[in-house]
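What follows is a short report on a single structure.
Because only heavy atoms are used, hydrogens play no part in the values below, and waters and symmetry mates are left out as well, while side chains stay in. Quick note on labels: first sequence line is chain A, next is B, and so on, each numbered from 1.
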Amino acid sequence: MKSISRLKKCVGAASMDSPPPLLLLHLLRPYSLNVIELGNGPERDPSTLINDFTRFCYQRDLPRAMTALHSMQNHKIWADSITYSELIKCCLARGAIEQGKVVHKHIFSDGYQPKTFLLNVLLNMYVKFNLLNEAQMLFVQMPQRNFVSWTTMIAAFSDADLNDKALEFLILMLREGARPNMFTYSSVLRACAGLPNLRQLHCGIIRTGLDSDVFVRSALIDNYSKWGELQNALCVFNEMVTADLVVWNSIIGGFAQNSDGDEALNLFIRMKRAGFLADQSTLTSALRACTGLALLELGRQLHVHVLKFHQDLILNNALLDMYCKCGSLEDANSVFSRMVDKDVISWSTMIIGMAQNGFSQQALKLFEAMKVSGTRPNYITVLGVLFACSHAGLVDNGQYYFRSMKKLFGIDPGREHYGCMVDLLGRAGKLDEAVQLIHEMEYEPDAVTWRTLLGACRVHRNMDLAVYAAKQILKLDPSDAGTYILLSNIYANSQRWEDVAEVRRTMRGRRVKKEPGCSWIEVNKQIHAFILGDYSHPQIDEISRELNQLIWRLKEMGYVPDTNFVLQDLEGEQKEDSLLYHSEKLAIVFGMMNLSLEKTIRIRKNLRICGDCHVFAKLLAKMECRSIVIRDPIRYHHFRDGVCSCGDYW
DNA sequence: ATAGGGTTAG
């Protein structure tokens with residue numbers, strides 16, 4: 001009966017200010033009945049005060065609620081925990097830090113003993129305001145802590161990348177006898193900074209049976225993926241019964257980020273069959289998979305779905321990158337120009353895309369436009385700019401940007417920037433300056449640095465330096481097949497067969513296997529792979545016939561196979577034969593046979609294109625009036641009308 | 001009642 005009269009008072013008080021009808025419904029909810037813990041208010045009716053306060057809290061009327069709070073403080077009366085938690089929510093939503101602190105003071109004033117629940121809410125407020133010190137102080141002062149208090153702190157440390165603290169708190173929590181739940185584990189997993197920790201946590205999770213929780217599962221999958229343990233990620237994914245969208249997204253993203261686009265796309269298809277609708281995260285990962293595999297047609301299909309999430313920045317960035325990496329700058333440009341929001345990643349993606357596709361001058365122009373737009377370049381942007389310079393031989397521009405990057409953009413040159421400069425100088429034939437830079441830089445040269453120099457030596461046929469660089473690489477990375485091949489190639493070019501044999505022996509001794517050249521082409525939604533020495537493609541006979549005819553016609557135009565690119569010490573026609581079956585040639589011919597004339601033939605390669613295939617593609621593009629794009633692991637070649645976008649500089 | 005998960009450029 002008491003509560004009913006209080007309720008009437010509440011409603012009465014509310015209707016005096018004539019609130020909208022919905023508010024009345026709010027007030028009828030049970031918590032307005034919990035007006036308890038009254039102090040000895042002097043003259044004013046304390047329940048009216050609390051009613052006002054409660055109403056303002058639920059109305060999200062922060063200024064009035066704070067005024068009411070002051071009056072309550074003066075009268076030494078307190079509301080119930082839930083009302084305070086509503087007020088704190090309101091402070092959080094408005095970013096009202098000072099008001100939050102006033103509430104904090106109030107609920108500790110005059111001996112009032114707030115419940116653990118309320119202190120957890122307050123703790124969370126400090127965490128969300130990023131006031132970790134305040135949160136920690138409160139945590140220490142709390143008379144009692146429960147598993148929510150611990151979890152709140154652990155999540156806070158994980159978010160702040162204070163991984164050791166997060167793990168430490170898990171241990172302290174266990175010691176104090178508080179039991180972690182799925183919230184705790186999903187939070188602590190984000191802080192897990194190594195495989196051994198991850199395995200330990202996973203064991204603990206299995207013991208408690210919490211591995212069926214979708215939050216825990218997605219965190220586990222995500223974590224295993226982060227350490228490249230895709231098999232374990234897949235185990236977590238497959239083991240259980242049901243997955244939600246985020247669990248699917250975790251596993252798809254895991255494969256996409258670990259350059260296994262095939263598996264990512266397989267899972268993407270399975271997800272759709274299972275009845276889930278792709279969201280931004282799914283599409284971003286699927287696009288990334290297309291980017292890695294250079295699947296332009298599939299990427300275009302995904303573009304249609306991207307439109308549903310118009311102006312999602314991350315998704316648009318992924319789309320942009322997909323078009324760049326699939327060699328379609330027209331599409332990339334059109335996406336880029338339509339993007340309302342562009343961040344440093346959008347600009348960097350486009351700059352790098354232009355540079356990789358052979359449009360370095362445009363890339364530099366875009367960089368200028370970026371600066372005008374007010375977006376600050378970062379480490380990667382500058383890398384892209386230097387990359388653009390090195391791929392077009394723009395030595396002066398490159399040196400200018402490199403020397404002034406600290407002053408202009410506040411970015412210290414990192415190892416990779418030096419790498420770009422070694423590339424720039426080396427390719428431009430300034431091998432001595434490149435070597436000098438390697439010695440000058442404050443980083444110990446790594447295998448990548450030496451590989452860059454080796455590439456330049458190959459272009460400029462500096463054998464002695466090449467041998468030196470190759471030996472440095474193999475010291476640092478004895479399993480680098482490409483370097484052995486290159487080294488034996490260099491020896492073969494100078495007819496040093498003894499040295500060739502020695503390199504081969506070393507390779508065999510160290511069980512280093514040469515990666516076979518492989519080219520992929522997408523035709524009618526199917527991916528066709530051509531691997532050197534593998535003739536299992538169903539149309540291989542027709543392709544070979546066609547290839548032979550084309551070469552015969554090309555030779556009449558003056559094509560001379562460049563046998564420098566043959567690895568074995570073979571003679572005459574045998575040499576030409578092994579060149580003939582380079583995978584990109586087969587893929588190009590297959591594309592010509594299966595794609596209509598106006599369609600660009602797009603090939604992706606796992607190894608860098610050889611000089612002979614490069615000449616072949618240029619001449620073929622002219623003779624057959626076709627446009628051919630080949631993407632190798634480093635850059636792109638657009639062949640049209642007898643020339644390549646790389647300007648033969650690669 | 002209060003605490004937890006997935007997506008973009010080298």
Of the nucleotides B/dG4, B/dA1, B/dG10, which has the atom closest to the A/Ile380 side chain?
B/dG10
Just by distance, do the side chain of A/His417 and the backbone of A/Tyr379 share a donor-acceptor pair under 3.5 Å?
yes
At 4.0 Å (heavy atoms only), tell me whether A/Lys342 reaches a base, stays on the sugar-phosphate, or touches nothing.
nothing
Looking only at side-chain N and O atoms, does A/Lys128 come under 4.0 Å of OP1 or OP2 in B/dG4?
yes
Can you list, by residue number, the residues of residues 167-187 of chain A that have a non-hydrogen atom closer than 4.0 angstrom to DNA chain B?
A/Asn181, A/Met182, A/Phe183, A/Ser186, A/Ser187
Face-on cation placement of A/Arg145 at A/Phe139 ring, 6.0 Å and 45° thresholds
yes
Under 4.0 Å between any heavy atoms, over every strand shown, what does A/Val247 touch: base, sugar-phosphate, or nothing? Just pick one.
base
I want to check one thing: is the phosphate of B/dG10, taken as OP1 and OP2, less than 4.0 Å away from some side-chain N or O of A/Arg415?
no
A/Val188 near the nucleic acid: base, sugar-phosphate alone, or nothing, with a heavy-atom cut-off under 4.0 Å?
nothing
What contact category does A/Lys226 fall into here, base, sugar-phosphate, or nothing, at under 4.0 angstrom with non-hydrogen atoms?
nothing
Can you name the side-chain contact (heavy atoms from CB on, under 4.5 Å) partners of A/Cys646, sequence neighbours left out?
A/His614, A/Arg635, A/His637, A/Cys644, A/Trp650
Using a cut-off of 4.0 Å on non-hydrogen atoms, how would the nucleic acid contact of A/Val121 be classed: base, sugar-phosphate, or nothing?
sugar-phosphate
Could you check whether A/Phe147 gets within reach of a base, just the sugar-phosphate, or nothing at all, counting any heavy atom under 4.0 Å?
base
Would you say CG of A/Leu277 has more than 12 non-hydrogen atoms from neighbouring residues, nucleotides or ligands within 6.0 angstrom?
no
A/Asp279 near the nucleic acid: base, sugar-phosphate alone, or nothing, with a heavy-atom cut-off under 4.0 Å?
base
Is A/Asn378 touching bases, backbone alone, or none of the nucleic acid, heavy atoms closer than 4.0 Å?
base
Donor-acceptor pair under 3.5 Å: do we get one between A/Asp213's side chain and the base of B/dG5?
no
Given the side-chain rings of A/Phe409 and A/Phe367, with only the six-membered ring counted for Trp, is the space between their centroids under 6.0 Å?
yes
Once salt bridge (Lys or Arg N to Asp or Glu O under 4.0 Å) is applied, what residue pairs with a partner in residues 208-232 of chain A remain, sequence neighbours excluded?
A/Arg199-A/Glu229
At 4.0 Å (heavy atoms only), tell me whether A/Arg217 reaches a base, stays on the sugar-phosphate, or touches nothing.
nothing
